[in-house]
Structures are given as structure tokens and as C-alpha cells.
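Step one of this worksheet: look at the structure below.
Residue numbers start from 1 in every chain, and the chains themselves are labelled A, B, ... in the order their sequence lines are given, proteins ahead of strands.
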There are 2 protein chains.
Amino acid sequence: MAATMREVAEAAGVSIATVSFVVNDSKRVAPETRRKIEDAMARLGFRRNSVARALASRRTRIVALVYPAMEHKLGGSAMEFITSAARTAGEAGYHLVLWPVSNDADELTELVGQGLVDGVLLMEVQLEDARVEVLRATQTPFALIGRSADLTGLVYVDIDFDRTMEQAVDHLYGLGHRHLVLVTGSQADASFRSYGPYVRAADAYRRLAAERGFAVVVLECGQDTDGGRAVAEEIVSTRPWTTGVLVLNEFAAPGLVSGLLRHGLRVPDDVSVLSVLTSTEMSTLVDPALTAMSSPGPELGELGVQALLRVLDGADTLPPRLLPGVLVPGGSTGPVRAGAAPVPDPSCTPRS
Amino acid sequence: MAATMREVAEAAGVSIATVSFVVNDSKRVAPETRRKIEDAMARLGFRRNSVARALASRRTRIVALVYPAMEHKLGGSAMEFITSAARTAGEAGYHLVLWPVSNDADELTELVGQGLVDGVLLMEVQLEDARVEVLRATQTPFALIGRSADLTGLVYVDIDFDRTMEQAVDHLYGLGHRHLVLVTGSQADASFRSYGPYVRAADAYRRLAAERGFAVVVLECGQDTDGGRAVAEEIVSTRPWTTGVLVLNEFAAPGLVSGLLRHGLRVPDDVSVLSVLTSTEMSTLVDPALTAMSSPGPELGELGVQALLRVLDGADTLPPRLLPGVLVPGGSTGPVRAGAAPVPDPSCTPRS
DNA sequence: CTGAAAGCGCTTACAG
DNA sequence: CTGAAAGCGCTTACAG
């Protein structure tokens, strides 16, 4: 079966170097010679051994996707993201290996030390990320999905939180909402340790609030249905005049809605809810489907791999790309109720 | 940085063969010699180059996870499954590459021909699967997640549809339900081309119906919220006496519930709904949380990789393992209503 | 345009 | 217990 170059060379009556030139199209070869070689390859069923090639050329054409195995529950678009990354790599002649590693640096050091991969795509980047230091120290080419705090010399693609939040706020603003709440996941203890997306989204939100002149309210909640319910409770009891909620957590968003409903509020008649950065798979699961800013998962996977491959090819690095989520209208947002009372009262909420 | 064996050998004053013996612990080495070598390795920061090792040993210690890129929407536990597979591989010193390929055979032939992987884990296996033939023809070691129709000589792990369906039916049966409906995805045209899980689950369901003596009703629906709504409509209009529904589609299950609610039925007071083979992430998203048979995704990933590695190690193949889903009680199932009328009437449905 | 040869960094019989 | 040597299947200067 799997013939080698040497066998092809013998069959074609040429040297194995010439076979290599034909296989890689890396040097001019006389048409006649090329034909003989191609015949022999077809006849013998030649397939280039990628391991030998990797050893000789010092390029494995394998890149690793590094992501935290446990920490964050990955969103609903993670699978799409990964498939998109793997396919983009494949189309460029690369393979993608999966390295679900803890956020500690030693495991990553060990893995890159094996020399299996040409580069690394780092997901779920922390603002201060030990893995980035490992990759720098080991001279491993890499690109980030997300951003650390210090970006000097780094190649990355990320979500455009500014534009995503702006579109989200504008959507609610356009519907007349002025009493907004932003719900994020926990932003942890020290800000420099916290999760980039929450921090950046909240920052963008604060800027928008300053521009538009509305009050900043940021609440945190757990990443599941119960978390969403709890924050609904908090909103109803401490800020009953709220008419619009932006939730930056696709697992909590449906719980938030059902929590509001349980308190006798109607969605969207009394309160509009917008799920920010979610897969539409998740946001359309509930009834009504949630209005959402959908995550650009597949695009991030593709652009991330492309950016990394550019680094590996020694070409000019791609400029950082920031992609906004896309507004997907659903049934959870609507015009602010006319004559909304500061304190909601289910028995008296005429539609606009 | 990355020192080679030859450098370690020189530094330790031994041959590179001896270094190899220490690194791989593959031969007895005198304690004194070993110590010198280990010292040198630590001093020079030696890391074994996995590509050179692969070429020399003819084992890359890489396995591929092959899954269809587009066809089926992968379930919510796909990410867990893949992470579990990657981690299991990693713990055994292997790497996992992702091959999202179309179901056509040529692409897979091309990929295995590169000699990059020692074996393949095949997901979303069809009853009649061209990829299985490719792997057989190319002598590639492989294991299946799922089962094709002809299993002679194959290594596989799969869901135990018999036990899963039995537990699901028993759950509803124990609550007094006798008018059941099974909802699956489309079972396509010719049965031999169809999707294993639907076929096996339906088969198991038919056996249970024969044993228990209840009528077999199998409906099909699209894999999303709208599909669920449509089948709810169908149930209400054509089989209004139904009190229990088993849904084999996690994306349609919530839509089914909301479809029933829209028709004035209460869940679970009028109709109980059980989501069969879903991630709890999805089934707990809605309110009430769905009672579910949760998919054994992580276990399948782990066992699948272990089964494959056994094949690669030339050890006795693991016997096929079939894993049942686990019942996770939720709010969508309850006792059959007392004195249930054959035709539900929202105005007259006393609780049991 | 083509070939001989060194070399990528290991593993593994084979000798001793 | 240790070493010399062949070899895994390619790539890539270097000659010609």
C-alpha cells in the first residue's frame, strides 16, 4: 500500500529528490520527468508521510487549540468555533490538536516542549494569563482568541465588545428603555484576574451610559438557570423600575426570564431581556425566543487560525480583528410600556 | 533550549541509546548511569522530540476524532464528549486531532494516508457507513462511537438504547401513564441509511410496548424549537388522549413543551414530557426544567478512547460497552391526572 | 533540470 | 549493562 518516495523514485527511474520536488511543487521539473513521476505515484498509491516530512522540514503543520478543561462552562457556540477552526486549519494543510489543559502553566510547558505543534491558539484568555508567558518564554508562535491586558506584540482576534454592547443598548434604547441593568458573570476578586469578556463588556457599557446619560447598574450572577432566577429576584426587589435587562450569560438568560415571569412580570411587556453573546441555538430554545446578540463563534475560529498561520508562514501578521455579535430579534424585547410606573404592577400594565 | 538526546548523551558521557533507555524506561540501566543522565536532562532542559520518536518508532501517538462537519447538529454534550476524549488521550500520552469531515469517503482516505495518526475514533456512525469501509480497507485501527449495522470484528462503545428507553418508559409508566408517544428525528428514507440512535431507540420502544402492552406511536420532528411545536400540534390534534411524550431530540423538546402550553395544556398536569438523551445543560434551561435521561457523553468519550488505545497497544480488545442515559428528574413529568378524559379539556383537569 | 548526500532526532535490533 | 550503527521517510542545500 503506502508507497514511499524511494519506491516511487525507483519506479520512475529518478532520484528521490526529484520526486520530492514534484510532490511539493517546489522546483522546476521537466514535463517528461514529472509525468513519469506522477504516473508512478498514481500506480503505487503514493501518499507523502507527514511525520517524515515534519521531521525533515521542522514543521509539523499541526497547531494546538488550548482551552481550559474545567473552569468556565464553555458556551453553546464552542463546538461551532472548534469545528470552524479545525476546518480552516485543514483547508490550509494543517491539523488541529485539542489540548484541554488546566490554567496552570506547567502542563502547557510540557506539551509545547514535545515539539509536536508549530503554534498554539489560546482560548479563554485571562487578562493576566500565565499561559501567555509560557508561550512567550518557549518562543512558541501563538495567537489569542480573546485578549490579555498587555497586548504588545500579540496576535489576537476577539469579540468587539464595544460595538456589541452599543448595538444591544441601542436596540433597547430605540424601544424606549431608559432603566437598564447589565447582568454579567462574577467578575471575581481582583480585577486583573478577572474574565476579559465580563470586564470589557462592563467597561463598554459604562462608556455608553456616560454618553447616553443613563445610570449604570451592573449585577452579577451564576452561570445557570438558578443564577438567572436569583438575579431576577434581585432586580424585582431592589430595582423594580427596571424595564430592560442585558444578560451576558446564555445559561442564565432563560432563568432570568422565567424568574421575572414568576414574579408576575411579563416579558417583554413589562421587562425586555436581551441575551448578549449567545448561540442562537440556546436563545431560541425558550418561549418566547430571546432577542440576542449572537456570538460570532465560527468567524472567530476561522480568523484565529488564519492569524496564527500567518505567523507561522512568517508573513506580515494580520492586524487584530474584533468582531461584533449580531442582533437576532426575538420575542423577549419590545417597546417600553406606555406610562410605565416606577414600580411595576402586573394588574396595570397597558401595552404601548 | 530544547536539548536533544545526543546533547544529553555527550553531557552525561554515555551513548544516545542509553539516554533513550532512560527516557523511555525501556531497559535496565545502572543506577549510577541513570543518575548522570537524569542530571544532564534536568540541566539541559531535555524534552523528547515527539516527531522524531514517531518516525523512528512508527507510532505517532496521535489519534483522530472523525465527525461529520455539517450534517447533524451535534448535541449539547458534544463539547463535553470531545474534551473527555482529548483528556483521556492526553493521560495516556496521546494527542487527539479533530477531523471534521463530510461523510464522503475520499476525504478520510486522504487524511489517513498521511500517516499522521495511529488510529481513528469515528463518531456519528451510520448504520451503513462508507467511512468504516475506508478504515477497514486502509487497515487503520479504529473504534466507533455508535454502531454500524454490521459489527463483526468492530470495536465500539455506544449508548444503551434498550436500558435508556426502558428507564424512560418505566418512569412514565410508574407515574401511571399509558398513552405514550415517542418523538424522534426523521428516520429518513431507506432504513439502512438512517440514523442509528433513532432506529435503535424506536426499536427498543417497540419491544417495550410489546412487553408492557401499550400502543406504539412514533412521530418524527425537526431538530429545533419549531419542530417541537409542530409535533405538539400533531399530538394535540390527532392524539389528544396522549398523557406522556418521550422526545429523542434535545433541541425540539423545549419547543414541544411550549407547543403544548400554547394549546392550553399543562405540563406535567395534563401531559408529561421526558427529554431522552440530552445534556442537562439544555434540559435545565427551560422552566420547568425538563425531566431527562441525560447523555453519558463524557463516559463515552473516555471509554471510546480507551477502547481505541487498547487496539493500538495490541492488547485484547475491550468488550463493547453500552452505556445508558441517567434519569434526571425535572418538572416536566408527573403523575397521570386522575380520571383523565380521552380528550383533554383545560377547563376540567383535576390534579391527581 | 537532476542527483548524491547529509541530516531531521529519535528507536531498536544486534553485539559485546 | 552499554554502545555502534542502521534506519524511520522525508527535505534541502550543494554540485554538476
So, using salt bridge (charged side-chain N to carboxylate O under 4.0 Å, His left out) as the criterion, who are the partners of B/D316 when residues are at least two apart?
none

Under the salt bridge (charged side-chain N to carboxylate O under 4.0 Å, His left out) test, residues paired with A/R136 that sit two or more places apart
A/E133

Within residues 53-61 of chain B, those residues having any heavy atom closer than 4.0 Å to DNA chain D are B/L55, B/A56, B/R58

Please identify each residue that fulfils side chain to side chain contact (heavy atoms under 4.5 Å, CB included) with B/D129, with sequence neighbours left out.
B/V125, B/Q126, B/R131, B/V132

Nucleotide pairing, DNA chain C (Watson-Crick or G-U, distances under 3.5 Å), in dot-bracket with [ ] and |:
|||.||||||||.|||

Reading DNA chain D in the 5' to 3' direction, which nucleotide is the first one with an atom under 4.0 Å from a heavy atom of chain A, and which is the last?
D/dG9 to D/dC14

Using the test side chain to side chain contact (heavy atoms under 4.5 Å, CB included), find all partners of B/V155 that sit at least two apart in sequence or belong to another chain.
B/A143, B/A307, B/V311, B/T317

Qualifying residues under side chain to side chain contact (heavy atoms under 4.5 Å, CB included), relative to A/A78, sequence neighbours excluded
A/L74, B/M79

Results of side chain to side chain donor-acceptor pair (under 3.5 Å) for B/D106 - residues two or more places apart only:
none

With sequence neighbours left out, write down each residue that passes side chain to side chain contact (heavy atoms under 4.5 Å, CB included) with B/A149, or none if nothing qualifies.
B/L127, B/E128

B/R47 near the nucleic acid: base, sugar-phosphate alone, or nothing, with a heavy-atom cut-off under 4.0 Å?
sugar-phosphate

Give the minimum heavy-atom separation between A/D118 and A/L312, together with the two atoms involved.
O-CD2, 3.3 Å

How would you label the contact of A/V51 with the nucleic acid (heavy atoms, under 4.0 Å): base, sugar-phosphate, or nothing?
nothing

Can you list, pair by pair, the side-chain donor-acceptor contacts under 3.5 Å of residues 84-92 of chain B, counting residues two or more places apart and other chains?
unit_1 : atom_1 : unit_2 : atom_2 : d
B/S84  : OG     : B/P298 : O      : 2.6
B/S84  : OG     : B/E302 : N      : 3.3
B/T88  : OG1    : B/S84  : O      : 2.8

Could you pull out every donor-acceptor pair under 3.5 Å between side chains of residues 108-116 of chain B and any protein atom, sequence neighbours left out?
unit_1 : atom_1 : unit_2 : atom_2 : d
B/T109 : OG1    : B/A105 : O      : 2.9
B/E110 : OE1    : A/R47  : NH1    : 3.0
B/Q114 : NE2    : A/H95  : NE2    : 2.8

Quick one: label B/V23 by what it contacts on the DNA or RNA (base, sugar-phosphate, nothing), any heavy atom closer than 4.0 Å.
nothing

Assign each of A/I16 and A/E32 the nucleotide of DNA chain C bearing its closest heavy atom; nearer the 5' end lies the nucleotide of A/E32

Taking for each residue the nucleotide of DNA chain D with the nearest heavy atom, is it B/F21 or A/K27 whose nucleotide lies nearer the 5' end?
B/F21

Of B/R43, B/K36, B/R35, the residue whose pairing with B/D39 passes salt bridge (charged side-chain N to carboxylate O under 4.0 Å, His left out):
B/R35

Quick one: on DNA chain D, does B/A30 or A/R48 contact a more 5' nucleotide (nearest heavy atom)?
B/A30

